[in-house]
**Student:** 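Take this structure first; my questions come after.
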Amino acid sequence: MRPNCYVVVPAAGSGKRMGAAVPKQYLTLAGKPVLQHTLERLLAVEEIRHVMVALAADDGRWLQLPAASHPRILTTVGGAERADSVLAGLHALEEIAQDQDWVLVHDAARPCLKPDDVIRLLGHLMDDPVGGILALPSVDTLKQVEGDAILGTLDRTTVWRALTPQMFRYRLLRDALEQALKAGQVITDESNALEYAGYRPRIVEGSPDNIKITRPEDLPLAEFYLGQRS
Ligand code: CTP
Ligand code: MG
């Protein structure tokens, strides 16, 4: 039997670096809230059974999103750090996800995701025992620095930029995140937790327009990418 696919969307951040009046996932971009764009991109992939959205405990905006009433969308309450929100989403899937099912974790703040990239990720990893991530090769020459002094040049071919979705077997990811958090590790993405547990997740090349909206200057860029597709 083919494993089922679920998505966890961490959407419980407050967007400090954006410095806007509302968390960045609720800023309007090309006529819709960022989170609505993100969820529409994910729902366009039919292989995905349910999308579990982890919201801030004091979120008062969610119910205004059209996606809030979509039958494939579920919600839970996130936590203090991104990894806590992801783990909360995984726990909320406990009743429906089997150990070997796939979970894709995708940032709410990446609304320019191409459904085709998700389909390619699924295609590459479906038979893998562990999973992997969308990532981008480095285009610039990379320098190793200390303070403002360059110590050397890194081999560009060995360094990739991690994007989301990151796709792992449900049970492996949940156990790896729990253990890493219990050990006090700072976990910046899901792959990081699997690496800490001794696994070697795979990379699948993604698209440069799958940006994470972080600072105000990212908004016009995201709007441009979204406009190119509609
Ligand atoms: N996130 C979350 N729970 C947290 C922190 C972050 O679900 N406690 C989510 C954010 O909503 C975002 C994604 O994780 O979709 C990536 O995090 P980031 O870009 O850092 O968003 P924020 O934490 O909101 O932004 P900042 O770090 O600038 O405060
Ligand atoms: Mg953050």
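Numbering of ligands and ligand atoms starts at 1, following listing order.
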**Student:** Out of curiosity, does Val9 fall in the hydrophobic cluster containing Val22 (side-chain heavy atoms, cut-off under 4.5 Å, transitive links)?
**Tutor:** yes

**Student:** What about Ile187 and Val130, same hydrophobic cluster or not, with Ile/Leu/Val/Met/Phe/Trp/Tyr joined at side-chain heavy-atom distances under 4.5 Å?
**Tutor:** yes

**Student:** Please determine, by modelled atom types, if Ser191 and Asp189 share a side-chain donor-acceptor pair under 3.5 angstrom.
**Tutor:** no

**Student:** Answer side chain, backbone, both or neither: which part of Ser85 comes under 4.0 Å from ligand 1, heavy atoms only.
**Tutor:** side chain

**Student:** When you measure from atom 20 (O) of ligand 1 to each heavy atom in Arg17, Arg82, Lys16, which option holds the nearest one?
**Tutor:** Arg17

**Student:** Counting heavy atoms only, which of Leu55, Asp107, Thr38, Val9 comes nearest to atom 16 (C) of ligand 1?
**Tutor:** Asp107

**Student:** For the side chain to side chain contact (heavy atoms under 4.5 Å, CB included) test, which of Ile133, Val105, Val103 pairs with Phe168?
**Tutor:** Ile133

**Student:** Would you say Arg49 and Tyr6 are linked by a side-chain donor-acceptor pair, where the criterion is simply a distance under 3.5 Å?
**Tutor:** yes

**Student:** About how many Å separate CH2 of Trp102 and CG of Leu125, when rounded to the nearest 0.5 Å?
**Tutor:** 6.0 Å

**Student:** What's the shortest distance from atom 7 (O) of ligand 1 to any protein heavy atom, and which residue and atom give it?
**Tutor:** Ala12 N, 2.8 Å

**Student:** Nearest to atom 22 (P) of ligand 1, what protein heavy atom do you find, and at what distance?
**Tutor:** Gly15 N, 3.8 Å

**Student:** Is it true that Gly78 lies under 4.0 Å from ligand 1, counting heavy atoms only?
**Tutor:** no

**Student:** Check this for me: Tyr199, atom OH, are more than 12 non-hydrogen atoms of other residues, nucleotides or ligands nearer than 6.0 Å?
**Tutor:** no

**Student:** Ala108 heavy atoms, cut-off 4.0 Å: which ligand 1 atoms fall inside?
**Tutor:** 15 (O)

**Student:** Considering only heavy atoms of Ala80, which atoms of ligand 1 have at least one such atom less than 4.0 Å away?
**Tutor:** 8 (N)

**Student:** Side chain, backbone, both or neither: which applies to Lys24 and ligand 1 if a contact is any heavy-atom pair less than 4.0 Å apart?
**Tutor:** side chain

**Student:** What atoms in ligand 1 come closer than 4.0 Å to a heavy atom of Ala109?
**Tutor:** 15 (O)

**Student:** Which heavy atom of Ser85 sits nearest a heavy atom of Gly78, and at what distance?
**Tutor:** OG-CA, 3.6 Å

**Student:** Tell me which one of Gly79, Ala56, Gly13, Ser14 gets a heavy atom nearest to atom 8 (N) of ligand 1.
**Tutor:** Gly79

**Student:** Could you check atom 15 (O) of ligand 1 against the protein and tell me its nearest heavy-atom contact, residue, atom and distance included?
**Tutor:** Pro10 O, 2.9 Å

